[in-house]
Amino acid sequence: MTAIAGVLCGALSYTLPARHGAHDHASPTPAAATSSATPLTAEGLNLLPSETLRDWVTYGDHVVVAKLTSTRDLDTSDEEKKAGEGYIPRQVSFDVRRVVWSREGAPDAPDRVALGLDGSVFDATSTAPLRMEGQPALDKVGTEYVMVLTKLRASAYTSVPGWVALSPDSIVPISPSDPTTVTAGAGQRVSSAASAVQGRTVDRVASLFAHTEADPFAVPYMAEPPDERAQLAIRARRDSAEVPVERAPGEKP
């Protein structure tokens, strides 16, 4: 299977890992292939900065506790069916149970959210789950998560507006044995922001967000769509670095 590039959930571009051994002729549909329980992991490039807690505060609209209510596979394209290999998108739906933190001026949080974050890849012989790096499995209905949501608006960088998770690792499981405490996805490499909330109570997560300041270069643009805000902050930071420093006569740099 050749590598496939595309966009998931409006906030992430990705490249699927290559798999080999696919046939050139028409092959069975994905449903007829053998399913593999071992997920593949894809690396992605986030639309928005999401490495630090400051990034989450700057580009997230809300931190919520959300309950996984359903998962379902969506239809793959006719072209991929004919080729006998491709990608099967998955829709994962949540009920928002509690808003933990909100950015000042953010749009109202949704009651429900459906994310197209992941799916499966298939070829003539098998189908394998595909998960994004840092993302929890999202496979047990009823599980609750702390999630950073942001609302994308139509812009020069976004063609599909709507609510999305800020990044794959901004969906963090809540411990089933202690519903007040955030846990960690097993064996996943996550951002420093995700690491900062793991092992803390939900109320402590709310306090972390309340006491973290937004990126000062983005603050003047908080009313702009998040993707445009990010670009403006990058430009402001670059322009700031380029401003010459005035020095007294004879002063050394």
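Numbers for residues simply follow the sequence, beginning at 1. All of these numbers come straight from a predicted model, not from anything done at the bench.
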Colleague: Side chains of Ile171 and Gln135: does their closest heavy-atom pair fall under 4.5 Å?
Modeller: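 A side-chain contact under 4.5 Å is absent here.
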Colleague: Answer yes or no: is there a side-chain heavy-atom contact under 4.5 Å between Trp101 and Val205?
Modeller: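 Contact flag for Trp101/Val205 side chains = no.
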Colleague: Just verifying a value: how many Å separate Ser170 OG and Leu149 CG, rounded to the nearest 0.5 Å?
Modeller: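 If I round to the nearest 0.5 Å, the distance is 7.5 Å.
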Colleague: Could you check if a side-chain atom of Pro49 sits within less than 4.5 angstrom of a side-chain atom of Arg229, using non-hydrogen atoms only?
Modeller: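 No - every pair of side-chain heavy atoms lies 4.5 Å or more apart.
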Colleague: Given side chains that start at C-beta, do those of Thr212 and Trp56 come closer than 4.5 Å, heavy atoms only?
Modeller: no
Colleague: Below 30° counts as parallel, above 60° as perpendicular, anything between as tilted: where do the rings of Trp163 and His62 land?
Modeller: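 Aromatic pair Trp163/His62 classed tilted.
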Colleague: Which residue pairs pass the ring-ring contact (aromatic ring centres under 6.0 Å, His included) test with at least one member in residues 214-238, sequence neighbours excluded?
Modeller: none
Colleague: OG of Ser240 to CZ of Arg237: how many Å apart, nearest 0.5 Å?
Modeller: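 Reported value, rounded in 0.5 Å steps: 9.0 Å.
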Colleague: Look at Arg90 together with Asp118 and state whether they make a salt bridge at an N to O cut-off of under 4.0 Å.
Modeller: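 Yes, this pair counts.
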Colleague: Quick test of your reading of the model: are Asp61 and Arg153 salt-bridged, counting only N-O distances below 4.0 Å?
Modeller: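 Salt bridge between Asp61 and Arg153, a charged N being under 4.0 Å from a carboxylate O: no.
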Colleague: To the nearest 0.5 Å, what is the distance between CZ on Arg200 and CD on Gln198?
Modeller: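 Atom-to-atom, Arg200:CZ and Gln198:CD are 10.5 Å apart.
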Colleague: Counting only N and O atoms by type, is there a donor-acceptor contact under 3.5 Å from the side chain of Ser192 to the main-chain atoms of Glu51?
Modeller: yes
Colleague: As an exercise, state the distance from CD of Gln231 to CD of Glu224, rounded to the nearest 0.5 Å.
Modeller: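 Output value for this atom pair is 12.5 Å.
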Colleague: Does the side chain of Asp178 come under 3.5 Å of the side chain of Ser175 through a donor N or O and an acceptor N or O?
Modeller: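 Checked: Asp178/Ser175 side chains show no N/O donor-acceptor pair below 3.5 Å.
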Colleague: Arg131 side chain to Gly119 main-chain N or O, any donor-acceptor pair under 3.5 Å?
Modeller: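 At least one qualifying donor-acceptor pair exists.
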Colleague: In sequence, state the C-alpha distance, the side-chain angles, and the governing distance for Ser167 and Asn46, and then conclude on side chain to side chain donor-acceptor pair (under 3.5 Å).
Modeller: CA-CA 7 Å; Ser167 62; Asn46 292 324; 4.7 Å; no
Colleague: What I'd like to find out is whether the side chain of Val160 reaches to under 4.5 Å of the side chain of Leu152, using heavy atoms alone.
Modeller: no
Colleague: Indicate, with yes or no, if Leu232 and Leu47 share a hydrophobic cluster defined by side-chain heavy-atom contacts under 4.5 Å among Ile, Leu, Val, Met, Phe, Trp and Tyr.
Modeller: no
Colleague: Side chains of Thr158 and Pro225: does their closest heavy-atom pair fall under 4.5 Å?
Modeller: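 In short, these two side chains do not touch, never coming nearer than 4.5 Å.
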Colleague: Between OG1 of Thr58 and CG of Leu166, what distance do you get to the nearest 0.5 Å?
Modeller: 9.5 Å
Colleague: Could you tell me if Asp55 and Thr52 have a donor-acceptor pair between their side chains, going purely by distance under 3.5 Å?
Modeller: yes
Colleague: Assess the side chains of Asp95 and Thr69: does a donor N or O sit below 3.5 Å from an acceptor N or O?
Modeller: no
Colleague: Applying a strict under-4.5 Å side-chain criterion to I, L, V, M, F, W and Y, I'd like to know whether Leu48 and Met222 cluster together.
Modeller: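 Per the 4.5 Å side-chain linkage, Leu48 and Met222 are not co-clustered.
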Colleague: Which value, rounded to the nearest 0.5 Å, describes the distance between Arg112 atom CZ and Ser70 atom OG?
Modeller: 11.0 Å
Colleague: For the residue pair Thr76 and Phe122, establish whether any side-chain heavy-atom pair is separated by less than 4.5 Å.
Modeller: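 Side chain of Thr76 against side chain of Phe122, heavy atoms only: contact under 4.5 Å found.
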Colleague: Determine whether Leu53 and Phe209 make a side-chain contact, defined as any pair of heavy atoms from C-beta on separated by less than 4.5 Å.
Modeller: yes
Colleague: Does CZ in Arg98 sit with more than 12 non-hydrogen atoms of other residues, nucleotides or ligands closer than 6.0 Å?
Modeller: yes
